[in-house]
Each structure stands twice: as structure tokens, then as C-alpha cells.
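For reference, the structure discussed in these notes is given below.
By convention in this document, chain letters (A, B, ...) are assigned in the order of the sequence lines, proteins followed by strands, and residues within each chain are numbered from 1.
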There are 2 protein chains.
Amino acid sequence: MKSIVRTSKLPLYHQLYEILRENILSREWQPGEMIPSEAELIDQHEVSRTTVRQVLDMLAKEGLIYRQPGRGTFVAHPTVEQALVRIVSFTEDMQQRGETPGTHVLSSSLVPAPQDIAERLGIEAGEELARLERLRLADGEPMSVEESYLVHRYCRGVLRGDYAATSLRQALERQYGIRLVRAKQTIRAIPAPQKLARLLSVPPKSATLYIERVSYSQDDIAVEFLRIHYRGDRYSLYNELQG
Amino acid sequence: MKSIVRTSKLPLYHQLYEILRENILSREWQPGEMIPSEAELIDQHEVSRTTVRQVLDMLAKEGLIYRQPGRGTFVAHPTVEQALVRIVSFTEDMQQRGETPGTHVLSSSLVPAPQDIAERLGIEAGEELARLERLRLADGEPMSVEESYLVHRYCRGVLRGDYAATSLRQALERQYGIRLVRAKQTIRAIPAPQKLARLLSVPPKSATLYIERVSYSQDDIAVEFLRIHYRGDRYSLYNELQG
DNA sequence: TAGTGGTCTAGACCACAAA
DNA sequence: TTGTGGTCTAGACCACTAA
């Protein structure tokens with residue numbers, strides 16, 4: 001198990017956060033299981049209660065844990081509710097919804113950046129982009145069509161991967177050290193153009209949920225522009241608001 | 001100015017939060033303006049730094065303030081980005097988008113709760129609901145149709161108000177002390193039914209962004225069920241995700 | 001009664017911005 | 001040099017849960 005390094009430049013709470021988060025995501029601590037009490041975490045990591053609570057507050061805010069006064073702190077069960085606030089892969093998304101994901105790669109090529117996409121990514125028009133178009137299936141039926149544009153400069157050769165089987169996000173992380181940690185997106189309802197309607201197996205002009213997303217790396221650099229058309233009759237988004 | 005009551009059952013941080021929040025929302029503290037430093041807040045309200053910082057963390061998380069190390073803490077400028085995370089009135093929403101809002105009341109009546117809505121609100125089917133149907137305009141053109149269902153028990157007589165001119169949210173707050181502080185919603189793309197298409201001035205089966213929302217009061221009681229159909233060609237949602 | 005999380009205090013040292 | 005927010009500590013009292 002990783003432990004806190006007192007000489008690190010990283011704040012103690014940040015190190016402890018990474019450690020606890022890893023224990024949860026790796027399933028070392030199972031959903032529903034009680035995690036060590038605040039007192040135990042203080043002893044184990046030799047930090048103050050304030051620091052421990054700061055970390056638990058962060059994890060609770062993210063929905064990874066929940067607390068029960070007088071009882072303890074527990075690992076939360078993953079819920080669909082997280083979908084719209086956390087960046088989630090198609091595979092993960094479908095699994096949360098209880099459907100079996102599938103993928104067909106429709107096309108994959110290098111293209112010069114069109115003006116509109118270049119603007120969104122903060123690069124020059126004409127710069128080389130890796131374009132990947134995929135049909136996504138849920139339980140064998142078409143669910144969405146995704147069009148990814150990656151700034152090729154940051155991930156030369158990405159298109160050599162097989163993205164029917166592998167996750168694009170995983171490849172970016174493992175081969176290029178790029179973690180997509182933040183994204184901005186807009187959501188619209190638009191009628192399916194003819195070609196898209198055929199791919200999705202719906203009548204032309206059917207309502208689709210259309211999302212445009214720009215994703216940023218851990219260094220806050222725009223890396224990907226994504227267009228997704230979801231079938232309106234099969235897909236819905238969920239989120240929570242506060243006043 | 002309100003001040004903290006030490007004998008109150010409410011936690012100090014909660015009272016201080018309400019006070020600072022009110023100063024911001026009432027525009028007593030203008031956007032961009034520096035708010036009192038942590039040291040000043042400690043003196044003014046006679047609480048510890050921990051308590052002050054807990055409150056500032058909450059406000060920063062909400063996006064109401066931002067901090068600059070070494071400089072101070074400032075009131076944030078309202079941004080469109082808040083739209084999908086904060087609960088926003090139609091009027092406020094349109095103003096942020098730079099359009100002039102308008103409203104026509106289509107119908108208003110008391111109805112027994114249908115099974116599906118009763119479930120969402122956590123009440124018995126058949127319980128009395130106040131139903132309000134409104135057409136929303138932006139720059140004089142139809143933008144959306146809203147159908148509100150309020151649990152009448154909590155706000156007897158609401159329907160006497162004129163909700164073409166007044167905000168329903170304001171009426172709930174001022175007349176019934178109900179503040180909608182939290183909501184859950186799902187977002188879909190669906191084709192406009194004939195009747196709706198006429199109201200929105202679009203062809204039948206046009207794509208609409210359809211939102212179902214359950215809103216909760218400060219006491220965490222479900223108060224309102226809302227259905228909104230936005231014209232797909234005029235409206236888009238925006239939000240930010242984190243990895 | 002013992003253990004848990006919720007709230008709160010008084011103090012400390014740091015890096016950074018501005019004068 | 002002064003004031004700001006960022007991080008961290010050690011300790012306290014409370015209400016609640018479970019044995």
C-alpha cells in the first residue's frame with residue numbers, strides 16, 4: 001500500500017486523497033464496506049483529524065463514500081447518478097445501465113482540422129487531427145455514433161490501436177500519459193441526418209440527443225473534440241442540480 | 001445585517017453561510033468585489049478560522065466566490081456555465097443567453113396525482129396537485145412548454161397567482177417559505193407530439209429536448225414535478241464534467 | 001459504555017501578492 | 001514588510017449508534 005511522503009511537495013491531504021480513492025476504485029474496499037474510522041486513518045497515516053476530514057469531505061462530495069453519524073464511513077455503491085458529472089466511458093456507462101456494450105469502428109484517418117473544431121481545441125486550422133468514428137451498441141442494438149478528433153501532435157500513432165476492443169481513454173493514458181480529467185459539453189436535441197439515421201437504424205429525422213464535448217488533459221490542454229449522436233428513444237442523461 | 005446566534009440549534013457555519021450567501025445574491029457585494037478577508041470575518045462574527053474557511057469552501061464550490069492566494073476572496077461573476085449545475089429560473093436563464101423572456105399561461109387547475117408522478121414525488125396517487133402549464137417565449141418566439149405539478153398541501157392557493165408576470169419560485173419562497181434547493185432531472189431527445197408542435201410553432205415530430213425534474217425544498221421534501229419541452233432548434237444545455 | 005462522525009477552537013508556518 | 005489565502009496540528013465537546 002502506498003503511504004504518505006512527508007517530504008513531497010504535494011499537500012498531505014492530496015496524497016491521502018489519492019491513496020483512499022485508489023483503494024475504492026481498485027475495489028480493494030468493496031461497495032457498502034466500512035472504511036477505517038477517522039481515528040484509525042489518523043493513526044495509520046499520522047496526520048491530524050482536520051486533514052483526514054478534508055479528504056473524506058472530498059470523497060463524499062464526489063459520491064465515492066457516504067457517512068453515517070455514530071456508525072462509520074462506507075464505500076458508496078456506484079450509481080447511474082454519477083454519469084453527468086463524472087466523465088464516464090461508453091463501456092462504463094452502459095454497464096451502469098445494465099446493458100452490454102459493443103463497438104464497431106466505422107472509419108479512422110488523419111485529417112486537417114476544420115476551422116470550427118480548431119477553435120474549440122485552441123489550435124490552428126489545418127493542424128493534423130486523428131479522426132475516429134465509431135458505432136456504439138447496447139445489447140447488440142445501435143445506441144450512438146461517436147466522432148472523436150484527437151490533436152495528433154500529442155498522441156502520434158494512436159490510430160494504430162484497435163478501438164473496437166480497447167478504450168480510447170485507456171490508450172491515451174497508458175501509451176501517452178494523457179489523462180482526460182475535465183471536459184465541457186453542450187447538449188442539444190436534433191433530427192438525425194439521413195446517413196446517421198441509417199447507422200442508428202432509426203427513421204430519418206428521428207430525434208437524437210447530440211453532444212459536443214471538448215476534453216482537457218491533466219495539464220489543462222484541450223486534447224479531444226467529440227461529437228456524439230445518441231438515439232433519442234434509447235438514451236437519457238441524468239443529473240442533479242442545486243439552488 | 002443579520003448576525004450569528006450562538007444559542008441557535010443551527011451550526012455556526014450554516015448561519016454564516018446564509019449570511020454571506022445573502023450578501024452576494026442581494027448584490028450588496030458586487031461581482032468582482034473583494035469580500036472581507038478571513039481575518040476580518042473571524043473578528044466580525046467571532047468564529048474560528050476553520051469555521052470561516054468551511055463556509056468559504058462551500059461558496060467557492062458553488063461558484064459564488066473565487067479566491068486568489070495573496071490577494072483576497074472575490075465575488076464571482078455569474079456565468080452561463082452555471083446553468084446546468086445550478087437551478088435557474090427561465091427568466092434568469094434567458095437573460096444569461098441574451099434573450100428577452102416572455103410567458104403565456106396555457107392552463108392552471110387542481111388535479112389528482114397520476115401514479116407515475118406520485119411515485120416521483122413520494123406521495124399517494126390521487127393526492128391533490130396544482131398543475132400549471134406555461135408557454136415560454138424568447139424574443140417573442142416560442143422556446144418551451146412547461147408543465148409544473150406542485151404538491152398542493154404545501155402551498156394551498158398557489159394557483160391564485162399570476163404566473164405570466166411572477167416567478168413561481170419566488171411565490172413559493174415568499175408566500176410559503178419553500179425554497180427549492182435541490183433537484184434531480186433526466187434529459188432526453190424526443191419528437192414533439194402534434195399538440196406540442198403547434199404550441200412551439202414547429203413541424204410535428206420535430207426534435208425537442210425533454211426534461212423531467214423533481215425539485216426538493218430546503219427540508220428535502222419533494223415539492224414539484226416538472227416537464228419541459230424545449231425546441232431542439234433553439235435551445236442547448238451546457239455543462240462541465242470531471243474525470 | 002465505547003466508538004463514531006459533526007462541530008468548533010486557538011494556534012502555527014508557508015508561499016504569494018502588493019505596497 | 002504586511003496582509004492574504006493554503007495547509008496543518010492538537011485538542012475539545014456534542015449527538016448518535018450499537019453492544
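- The OH atom of A/Y17 sits 14 Å away from the P atom of D/dT7 (whole-angstrom rounding).
- Considering only side-chain atoms of B/L12, the nucleotide from C/dA18, C/dC8, D/dC8 that sits closest is C/dC8.
- Here A/Y13 reaches the OP1 or OP2 of D/dT7: one of its side-chain N or O atoms lies under 4.0 Å away.
- Of the charged side-chain nitrogens involved, at least one lies within less than 4.0 Å of a carboxylate oxygen, so that B/E18 and B/R179 count as a salt-bridged pair.
- Between A/M34 atom CE and C/dG3 atom P the separation is 12 Å, expressed in whole Å.
- One interatomic measurement links the two molecules: CZ of B/R6 to P of D/dC13, which rounds to 16 Å at whole-angstrom precision.
- Remark: P of D/dC8 and NE2 of A/H45 are 14 Å apart, rounded to the nearest angstrom.
- Atom CD of A/Q68 is separated from atom C1' of D/dA15 by 15 Å (rounded to the nearest Å).
- In summary, the side chains of B/Y13 and B/D57 do not present any donor paired with an acceptor at a separation below 3.5 Å, with no hydrogens or angles considered.
- Between the CD1 atom of A/I65 and the C1' atom of C/dT4 there is a distance of 14 Å, rounded to whole Å.
- Of the residues near DNA chain D, A/L10 and A/R71, the one whose nearest nucleotide (by heavy atom distance) lies more toward the 5' end is A/L10.
- Side-chain contact between B/L110 and B/L129: absent, with no pair of heavy atoms (C-beta onward) separated by less than 4.5 Å.
- In this structure, B/H14 atom NE2 and C/dT7 atom C1' are separated by 14 Å, rounded to whole Å.
- Nearest nucleotide to the B/P69 side chain, out of D/dG6, C/dA10, D/dT4: D/dG6.
- Side-chain proximity of B/R67 to the nucleotides D/dG5, C/dA10, C/dG5 is greatest for D/dG5.
- Within 4.0 Å (heavy atoms only), A/T51 reaches sugar-phosphate atoms of the nucleic acid but no base atom.
- A/Y210 and A/R188 share no donor-acceptor pair across their side chains, judged by distance under 3.5 Å alone.
- Rounded to whole Å, atom P of C/dT7 lies 7 Å from atom CZ of A/R53.
- Residue-to-nucleotide proximity on DNA chain C shows that, of A/G72 and B/P11, the 5′-proximal contact is made by A/G72.
- In this structure, of C/dG5, D/dG5, D/dT9, it is C/dG5 that holds the atom nearest to the side chain of A/E38.
- A 4.5 Å side-chain heavy-atom check between A/L132 and A/Y163 finds at least one atom pair inside the cut-off.
- Checking C/dC8, D/dA12, C/dT4 against every side-chain atom of A/R49, the shortest atom distance belongs to D/dA12.
- Comparing C/dT7, D/dT7, D/dC8 against the side chain of A/S48 picks out D/dC8 as the nearest.
- Both B/T73 and A/E46 sit near DNA chain D, but only B/T73 has its closest nucleotide nearer the 5' end.
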